[in-house]
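Below is one structure; the comments refer to it alone.
Below, chain A is the first sequence line, B the second, and so on; all start at residue 1. FYI, side chains are in, hydrogens and waters are out, and symmetry mates aren't considered; it's all heavy atoms of this structure. Being a predicted model, the structure only gives us computed values, none of them experimental.
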There are 2 protein chains.
Amino acid sequence: MKKMLIGLHLGNGYGSSPGAWRFSGVNPQSYTSYDARVQQAQAAERGKFQFIFLPDGPGAIMADIESEAPNFNLDVMMTLAAVARETEYIGLVATGSTTFNEPFNLARQYKALDIMSHGRAGWNAITSSGNDVAANYGKIIPTSAERYGRAHESIQLIQALWGSWGKDAWIHDQKTGYFADKDQIVPINLQGKFVGSRGPLYIPPSEQGQPVIFHAGGSPNAHELAGRFANVVIGAAFTIEDARAQRNAFRESAERHGRNPDEIKYIAGLMTSIAGNRREGLDRRIILTQHLFPQRVSYLQQMLGIPLNDKDLDSPLSQTLLNAARPSPYDPRSSHALKIAKEGWSLRDIIAHGVIDYHPVIAGPGIEPADHMQRWFEAGAADGFWISPDVNFDGIDAFVNEVVPILQQRGLFHQDYEGKTLRENLGIPDQYGVDPRV
Amino acid sequence: MKKMLIGLHLGNGYGSSPGAWRFSGVNPQSYTSYDARVQQAQAAERGKFQFIFLPDGPGAIMADIESEAPNFNLDVMMTLAAVARETEYIGLVATGSTTFNEPFNLARQYKALDIMSHGRAGWNAITSSGNDVAANYGKIIPTSAERYGRAHESIQLIQALWGSWGKDAWIHDQKTGYFADKDQIVPINLQGKFVGSRGPLYIPPSEQGQPVIFHAGGSPNAHELAGRFANVVIGAAFTIEDARAQRNAFRESAERHGRNPDEIKYIAGLMTSIAGNRREGLDRRIILTQHLFPQRVSYLQQMLGIPLNDKDLDSPLSQTLLNAARPSPYDPRSSHALKIAKEGWSLRDIIAHGVIDYHPVIAGPGIEPADHMQRWFEAGAADGFWISPDVNFDGIDAFVNEVVPILQQRGLFHQDYEGKTLRENLGIPDQYGVDPRV
């Protein structure tokens, strides 16, 4: 029976909730603590997660800096280097933009991580799309065509650099003094419209050959890029229908590029607030997000098309309001928000359900995320999930202790790692040499 | 009494001799071994070295790849990230070129290393000058004026990004929910001719404020750049006179830029083959470099202006040849080579003395490097030394066990680390905020 994959979202060290840094028990200095990152990755490894996933996108931070931590790692590669030597099985996946990085630098660093982790590196290859990011490079953001043009060239070039040493090129025979087989090391000599490189890189293959390509995004450009290059897609969808449509779009794109669609895994997002029961889960989320309630009430108004009073958070919505409500066609979360509202929860609790978060939110006991994941997985909506605990400090352990065993018992998640490389644990083939497809 | 500084050259993991990878006892896979790098850094820390220094310059590798390892780390920042968590005091200095890197990326990564190491990071800020390096970026090398223009802008901009969070900007008060003080976090808004950035960075100060700037080079451009920005210069000189002239040039440049010349430390290179006596030291070097003898004999011919026979390595040079020899004015090592030849060593032993290496070479017992270092230090030729052991596997320990105690006994080298940050251990002030000089 096919099993699902699970990844852990590892961001600023506190967790995915904006209030996580203040939560009870959390070290307020986790933002700069590599110890915290290592402990969190180790917790996920204890739960047999296939990978940790580090988003990135060095944009503006000033808007919320007085009350919230920046969303990102200080530097994704430095975090993964720290984690690499203190874990053994879990995949290490960092986001790296092709827009403001030289391909040779990206190639070198991800391949070095792949060596250091003994074949556990993954590269989430994305383009940067914000002018706030571009401003940090003293530039304006290129057009979408330019960004994706450069991304295609960059990935092709980087895979070629990774493959520039053949599988057996590194001889290192002390007796004969033969260090490497020159015939198995090829300059790549690629020059595109946007980027170029002569190569070769000077790094031999890792235990998995070379890093795994991930991609995050849902646009037609993303389908095209991932269908050509990626083995894993980091997705974002609010409903089974949307996730299934996205997953199919990526699979079809892989097929158009002559690949087996099973070589591309669609991973849906899920945010968890695990607690003894629903009430405790909601209370936990209320503590975490209370400073955001006024703006979230205002946003919920637009989603439902009805006036709401942020001074009266304790009452459920009146029947009159509920009858008048119309889910906004511009926000895919609106129908779910209305469904929750109709269950009779107070305004505070409606929002605490996470109806305005970036991914589906489960607040409650471990069986609820397990049920959600099973439903999506069996409906063909996802090959796996990337989990964003509200607070990393206790939220990773809670998932590992309370959700993972249920999934394992149901036969939906592996009992242990299949191997020591990311490719083995994702079930995708090793890759050596220059990719013949490109 | 003023003490000297000592750094360890950490390159490909084998050592500075081209034959190090084949040497007895060496793990031939050290090239890809982060364990080896960590052990070597730990050995240097046991010897109270102030820093490890990682050169870089991702150029061509094909010429010697059949018999020699590439000279560099797979990736300098990944190496230092590995070392950072497994050492406590030693400074971590990586070379990073401003020519083919975006300043924002450099700023972020070195500052993350500074946080991770609790204030032990240094950046050797250089320009790339080889077309073989440029080719890996699909480019040709810019002119010297362009390279140094971009370097000046980049360092200024990076120091501003590092300083964009004031010393006390990061509040992280869980009770009040006050994460950071917006008034102490300043966008930098620098736009030069070559590079620009809005900022701010999103990383608070480290225990030493921000990383220390190093520079390597000896040209007038290097004097100017280092005099303006650097606290440490990684030098290369073959004689006391040359080293003293270089050191003075950097000190004068610092003064021209309104700085105290003692804030810039000139570090001379030294290669060591430590052995029980001179004969054993030479034999060790013969084993390490024997595959290079034909080309080195040919090079020595040019240095001395006399014909030499690489089929007769066992004989000393005849008196006739010695009388005819004229040291080449184009190679600063030539006089020393002739001096050794006149001592009556065989042709093999002359070369084994290291007369054609990148730095002065000492082959012999620990007291010899100690004497050399004392002589240079007391002559005002250097503030310290960066040591390139022939073979890291045993050469670092040999230096630590046999040279360091002599220097300490003579009062020339510290008994223990002064503090836990690189600035404390180099004796230079912490730096916070945007540098007022730029």
- Message: To check you understand the geometry: which heavy-atom pair defines the closest contact between A/L74 and B/A112, and what is its length?
- Response: CB-CB, 4.1 Å

- Only one of B/Y178, B/F179, B/W170 forms a ring-ring contact (aromatic ring centres under 6.0 Å, His included) with A/W21, so which one is it? B/F179

- Query: Yes or no on salt bridge (charged side-chain N to carboxylate O under 4.0 Å, His left out) for B/D64 and A/K182, after CA distance, side-chain angles and deciding distance?
  - Reply: CA-CA 9 Å; B/D64 300 318; A/K182 215 168 171 169; over 6 Å; no

- chain B contact via A/I65 - side chain, backbone, both or neither, heavy atoms under 4.5 Å: both

- Task: Under 4.5 Å heavy-atom distance to chain B, tell me which part of A/A84 shows up: side chain, backbone, both or neither.
- Result: neither

- Note on the structure: Honestly, the part of B/L113 sitting under 4.5 Å from a heavy atom of chain A is both

- Task: Heavy-atom distances under 4.5 Å only: say whether B/D181 touches chain A with side chain, backbone, both or neither.
- Result: neither

- Task: Start with the C-alpha gap between B/D132 and A/R198, add the side-chain angles, then the distance that decides, and say whether salt bridge (charged side-chain N to carboxylate O under 4.0 Å, His left out) holds.
- Result: CA-CA 9 Å; B/D132 62 325; A/R198 179 205 57 204; 5.5 Å; no

- Message: If I measure from the heavy atoms of chain B, does A/K139 come under 4.5 Å with its side chain, its backbone, both, or neither?
- Response: side chain

- chain A shares the most heavy-atom pairs under 4.5 Å, among B/P187, B/S197, B/P103, with B/S197

- Contact class of A/I171 relative to chain B, heavy atoms under 4.5 angstrom: neither

- Pairing of B/R22 and A/D173 as salt bridge, 4.0 angstrom limit: no

- Would you indicate whether the side-chain heavy atoms of B/V195 and A/Y137 approach each other to under 4.5 Å? no

- For B/T176, is it the side chain, the backbone, both or neither that has a heavy atom under 4.5 Å from a heavy atom of chain A? backbone

- Item | Residue part contacting chain B, namely of A/V38, when any heavy atom lies under 4.5 Å | side chain

- Query: Where is the tightest heavy-atom contact between A/N101 and B/N105, given as atom of each residue plus distance?
  - Reply: OD1-ND2, 3.0 Å

- Under 4.5 Å heavy-atom distance to chain A, tell me which part of B/L190 shows up: side chain, backbone, both or neither. neither

- Message: Could you report the tightest heavy-atom contact between B/M62 and A/I185, atom names first, then the distance?
- Response: CE-O, 3.2 Å

- Item | Top of B/A81, B/G196, B/P28 for chain A proximity - count of heavy-atom pairs under 4.5 angstrom | B/P28

- Side chain, backbone, both or neither: which part of A/N73 has a heavy atom under 4.5 Å from chain B? backbone

- Message: As an exercise: rank B/G192, B/S206, B/S67 by heavy-atom pairs under 4.5 Å with chain A and give me the winner.
- Response: B/S67

- Query: For A/D56 and B/R108, which heavy atoms make the closest approach, and how far apart are they?
  - Reply: OD1-NH2, 2.6 Å

- Query: Which region of A/Y110, side chain (C-beta onward) or backbone (N, CA, C, O), has a non-hydrogen atom less than 4.5 Å from a non-hydrogen atom of chain B, or is it both or neither?
  - Reply: neither

- A/Q191, part contacting chain B, at a heavy-atom distance under 4.5 Å: side chain

- Query: Tell me, side chain or backbone of B/E86 under 4.5 Å from chain A's heavy atoms, or both, or neither?
  - Reply: side chain

- Task: Please answer whether the main-chain N or O of B/V26 pairs with a side-chain N or O of A/Q174 as donor and acceptor at a distance below 3.5 Å.
- Result: yes

- Measure the OG1-NZ distance between B/T32 and A/K111 for me, rounded to the nearest 0.5 Å. 10.5 Å

- Message: Is A/A169 close to chain B through its backbone or its side chain, or both, or neither, when contacts mean heavy atoms under 4.5 Å?
- Response: neither

- Tightest non-hydrogen contact, residues B/G199 and A/N136, listed as N-OD1, 3.0 Å

- Note on the structure: In short, A/M116 meets B/M78 closest at the heavy-atom pair CE-O, 3.6 Å

- For B/A134, is it the side chain, the backbone, both or neither that has a heavy atom under 4.5 Å from a heavy atom of chain A? neither

- Message: side-chain contact (heavy atoms from CB on, under 4.5 Å) for A/H172 and B/Y31? Distances and angles first, verdict last.
- Response: CA-CA 10 Å; A/H172 57 70; B/Y31 182 52; over 6 Å; no

- Query: Quick one: what part of A/P204 sits under 4.5 Å from any heavy atom of chain B, side chain, backbone, both or neither?
  - Reply: side chain

- Query: Please walk me through it: do A/D75 and B/M77 pass side-chain contact (heavy atoms from CB on, under 4.5 Å)?
  - Reply: CA-CA 11 Å; A/D75 181 83; B/M77 297 309 283; over 6 Å; no

